[in-house]
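Notes follow the structure.
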Amino acid sequence: MGGESPPFPDFFQLVTLDETGSTNDDATAAARGGAPEGTLIWARRQTKGHGRRGRSWVSPGGNLHLSIVLRPDVAPMRAGEIAFVAALAATDACAGLAPAADVRCKWPNDILVAGRKVGGLLIESSIAENRVEWLVVGIGLNLAIHPDNVEFPATHLALHAGRAVAVEEGLALLAEAFAARYRLWRDHGFAPVRMAWLDRAAGLGGLIRVRLENSELTGTFDGIAADGTLALTLPDGTPRRVTAGDVFLLDSVSSGASPG
Ligand code: BT5
């Protein structure tokens, strides 16, 4: 709405939809059909937006929902690094929209503002002949509205920006940030991405609970390893690595609040 937007990065071929089931479903179908790197599917509304493990993602008009096709041609073990690239891009966009807000990444795929979930990431991939054939990076950001009846407390950006945030503005900022962070990763590898992510990590050094498929762990969040796995120390001093799970922050040591 009239605001100055940066030019949309050349990296992307933008597909705009008024409504769809899920941009991730559309983008994975497009990737299977040979869509090139940089294909970006943006929908104003999703009727079947989803998160991990079949969980649903509330996707009303006014919020941002998009999925990007990537073809980085790397070994499969590097595919997980893209979640950190995407998290950084999403936090960049949030920080740009709400400069005074405390914007954090929560492992593995949450974006937090003021300790509440403002966005989420869903990465899907295909491996062929021991290379990554394609990746789809789905990003949902609550700009205008958030659901209340969710497991992790949610929020939306306009509340923290102190003004309405047009979805076109969010799209432009996110696209610009994504292109820049992806370039950083392509040119310099995971190390600078990991450092930047740790700089924005929620709960670092604090107590966390990690919900695994069939069990739970509680321990101190030490950071992420060079391969992107979560590193924590159990109360008895045992170090542990976790590749997949849900993290709950049990205190707020580095959530941006002044340390207690
Ligand atoms: C995520 O999953 O956080 C990943 C969400 C990815 C959504 C994007 S939108 C564009 C693309 N197309 C898709 O279909 N998906 C991607 P997960 O960590 O599994 O969290 C899901 C949980 O978050 C749900 O079970 C709810 O509790 C909660 N939730 C649902 N909608 C929410 C919202 N709008 N804001 C905050 N929390 C929400």
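Quick note: residue numbers are just sequence positions, from 1.
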### Message
Give me the atom names and distance for the closest heavy-atom approach of R44 to V167.
### Response
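Nearest pair, atom of R44 first, then V167: NH1-CG1, 3.6 Å.
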Is [X] reaching over with its side chain to a backbone N or O of [Y], donor-acceptor style, under 3.5 angstrom?
{"X": "E37", "Y": "R71", "value": "yes"}
{"X": "S59", "Y": "W57", "value": "yes"}
{"X": "N130", "Y": "P76", "value": "no"}
{"X": "W107", "Y": "G223", "value": "no"}
{"X": "R209", "Y": "L250", "value": "no"}
{"X": "R104", "Y": "L112", "value": "no"}
{"X": "N142", "Y": "T155", "value": "yes"}

### Message
side-chain hydrogen bond (donor to acceptor under 3.5 Å, both in side chains), that's the test. Do S22 and N24 meet it? Break it down for me.
### Response
CA-CA 5 Å; S22 154; N24 256 54; 5.4 Å; no
### Query
Taking the inter-plane angle between the rings of F221 and W197 on a 0 to 90° scale, is it parallel (under 30°), tilted (30 to 60°) or perpendicular (over 60°)?
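Plane angle over 60°, so perpendicular.
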### Task
Hey, can you tell me if Y182 and W185 have their rings parallel, tilted or perpendicular (30° and 60° cut-offs)?
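Because their plane-to-plane angle is under 30°, the rings of Y182 and W185 count as parallel.
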### Query
In the hydrophobic cluster built from side-chain contacts under 4.5 Å, what are the other members alongside I41?
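Once heavy-atom contacts under 4.5 Å are chained together, I41 belongs with V15, L17.
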#### Entry: Sole residue of Q46, H50, K48 in side-chain hydrogen bond (donor to acceptor under 3.5 Å, both in side chains) with D25
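Output: one option passes, namely H50.
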### Message
Check this for me: does any side-chain nitrogen of one of R181 and D92 sit under 4.0 Å from a carboxylate oxygen of the other?
### Response
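Here R181 pairs with D92 in a salt bridge, since their nearest N and O are under 4.0 Å apart.
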